[in-house]
K.L.:
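Just dropping this structure here.
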Amino acid sequence: STVEYGLEAPFEVEFHDSIPSTNARARDLAQEGADDVVVLADEQTGGRGRLDREWSSPSGGIWLSVLSRPDIPATHAPAYTLAAAVAVARAAREAGVDARIKWPNDVVVPDTGADGETVERKLAGILTEMEGEADRVSWVVVGMGINANVDPGDLPSEAEPTTLLGEAGGVDRRLFTQRVLEEFDELRGDLDAVVPAWREYATTLGKRVRVDTPGGDVVGDAVDVTFPGALVVDTGDERVTVTAGDCEHLR
Ligand code: BT5
């Protein structure tokens, strides 16, 4: 409950010590007609990423889902994903972490090794789900998986993860969550501000990328992000606007 968790965010908060997935719970609440609810958990036993990939969610993290019913067409929902990434990046930067955003949904921290090679370690991921008509969504659930007070060794190493514990010695999860929700609430009320804010922290722009899209791979220079969250890739022959896919930074 709100009181128990002590959050002053503009949402009702439902807290769980352990739950399969906060997104799944928020979807259930949506079916029951709820609005402006945050589902928050210390641990998830069945956390999911995009394309049903597993999201490792040990105790100590900030695993949360925001349910809202905005008056937007489904095509604008990607702006919610970007808004969440900006909110998490801002809160992490306030905590002294050099958080950047990798298109579309990864909050990463650059880690330059002794060999001069930089690895972008994933601090957080966002999963947006929605239902409704094309011209107006019925609800949107924005899931944020934030590796907070988690030992990086407890996360799958092949994912090249990092955590707020590893980067900043840990955070006060209540305050961190409050900052994320305040920022997210502000951005969702001003969607035009999302892309400019996203550009400030972007690590993808200016990089050579390979984007694995439903229509095949697109390789080129990432030159811009446009509303509501599409990546513009200059392939040398043409500028391709990519709305969804996995992005790999080639250099
Ligand atoms: C994401 O997917 O990055 C979205 C993750 C969303 C998780 C939140 S937690 C609260 C809410 N409830 C849920 O059930 N989900 C949301 P994607 O871009 O598909 O990345 C998934 C990939 O990240 C996996 O295949 C792993 O390689 C890697 N991975 C898994 N767990 C990780 C972790 N804790 N930290 C960093 N990388 C991880």
Side-chain angles (χ1 to χ4, degrees), residues 11 13-30 37-68 77-78 80-85 87-89 92 97 99-111 119-130 139-167 173 176-177 180-181 184 203-204 209 211-214 229 231 242 244-249:
F11 302 96
V13 178
E14 182 184 285
F15 178 74
H16 299 262
D17 287 324
S18 181
I19 194 173
S21 158
T22 58
N23 261 43
R25 172 66 185 151
R27 288 199 310 266
D28 287 348
L29 288 170
V37 177
V38 172
V39 181
L40 183 60
D42 174 47
E43 171 195 74
Q44 293 184 124
T45 53
R48 284 288 171 271
R50 294 178 299 155
L51 307 172
D52 216 30
R53 293 188 277 238
E54 275 182 38
W55 182 259
S56 178
S57 318
S59 170
I62 298 174
W63 322 119
L64 70 84
S65 302
V66 183
L67 163 65
S68 50
Y80 271 58
T81 303
L82 269 60
V88 173
V97 176
R100 321 272 182 96
I101 309 173
K102 178 175 176 229
W103 185 86
N105 69 335
D106 291 355
V107 179
V108 299
V109 183
D111 175 16
V119 178
E120 290 178 327
R121 298 193 172 278
K122 187 157 167 173
L123 180 68
I126 316 292
L127 174 66
T128 299
E129 299 181 276
M130 72 188 125
W139 52 259
V140 179
V141 167
V142 181
M144 309 182 205
I146 307 167
N147 298 328
N149 300 338
V150 172
D151 184 339
D154 290 341
L155 297 172
S157 60
E158 66 278 10
E160 298 184 327
T162 190
T163 74
L164 293 171
L165 184 65
E167 299 288 342
R173 282 188 289 170
F176 194 92
T177 303
V180 169
L181 294 178
F184 180 73
T203 174
T204 302
V209 296
V211 192
D212 168 8
T213 76
L231 186 67
V242 187
D246 280 318
C247 176
E248 185 190 345
H249 291 168

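In each ligand, atom 1 is the first atom listed, and ligand 1 is the first ligand listed. The first residue of the sequence shown is numbered 1, and numbering continues consecutively from there. Because only heavy atoms are used, hydrogens play no part in the values below, and waters and symmetry mates are left out as well, while side chains stay in. For clarity, every value in this text was computed on a predicted model and none was experimentally measured.
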K.L.:
Give, for atom CD of Glu120 and atom CD1 of Ile101, the distance between the pair rounded to the nearest 0.5 Å.
P.N.:
12.0 Å
K.L.:
List, pair by pair, the atoms of ligand 1 and of the protein that are both N or O and lie under 3.5 Å apart, giving the separation rounded to 0.1 Å.
P.N.:
from	atom 1	to	atom 2	distance (Å)
ligand 1	2 (O)	Arg50	N	3.2
ligand 1	3 (O)	Lys122	NZ	2.8
ligand 1	12 (N)	Thr22	OG1	3.2
ligand 1	12 (N)	Asn23	N	3.4
ligand 1	12 (N)	Gln44	OE1	2.9
ligand 1	14 (O)	Ser21	OG	2.7
ligand 1	14 (O)	Arg48	N	2.8
ligand 1	15 (N)	Arg48	O	2.8
ligand 1	18 (O)	Arg50	NE	3.1
ligand 1	18 (O)	Arg50	NH2	3.2
ligand 1	18 (O)	Lys122	NZ	3.3
ligand 1	19 (O)	Arg50	N	2.9
ligand 1	19 (O)	Arg53	NE	2.8
ligand 1	19 (O)	Arg53	NH2	2.9
ligand 1	20 (O)	Lys122	NZ	3.1
ligand 1	31 (N)	Ser56	N	3.0
ligand 1	34 (N)	Ser56	O	2.9
ligand 1	34 (N)	Asn147	OD1	3.0
ligand 1	35 (N)	Asn147	ND2	2.9

K.L.:
So, does Thr162 use its side chain to make a donor-acceptor pair with the main chain of Lys122 at under 3.5 Å?
P.N.:
no
K.L.:
Determine whether a donor-acceptor pair (N or O, by modelled atom type, separation under 3.5 Å) exists between the side chain of Asn105 and the backbone of Ile126.
P.N.:
yes
K.L.:
Roughly how far, to the nearest 0.5 Å, is CE of Met144 from OG1 of Thr177?
P.N.:
9.5 Å
K.L.:
Nearest 0.5 Å, what's the CG-CZ distance between Leu181 and Phe11?
P.N.:
5.5 Å
K.L.:
When you look at CD of Glu54, are more than 12 heavy atoms from neighbouring residues, nucleotides or ligands closer to it than 6.0 Å?
P.N.:
no
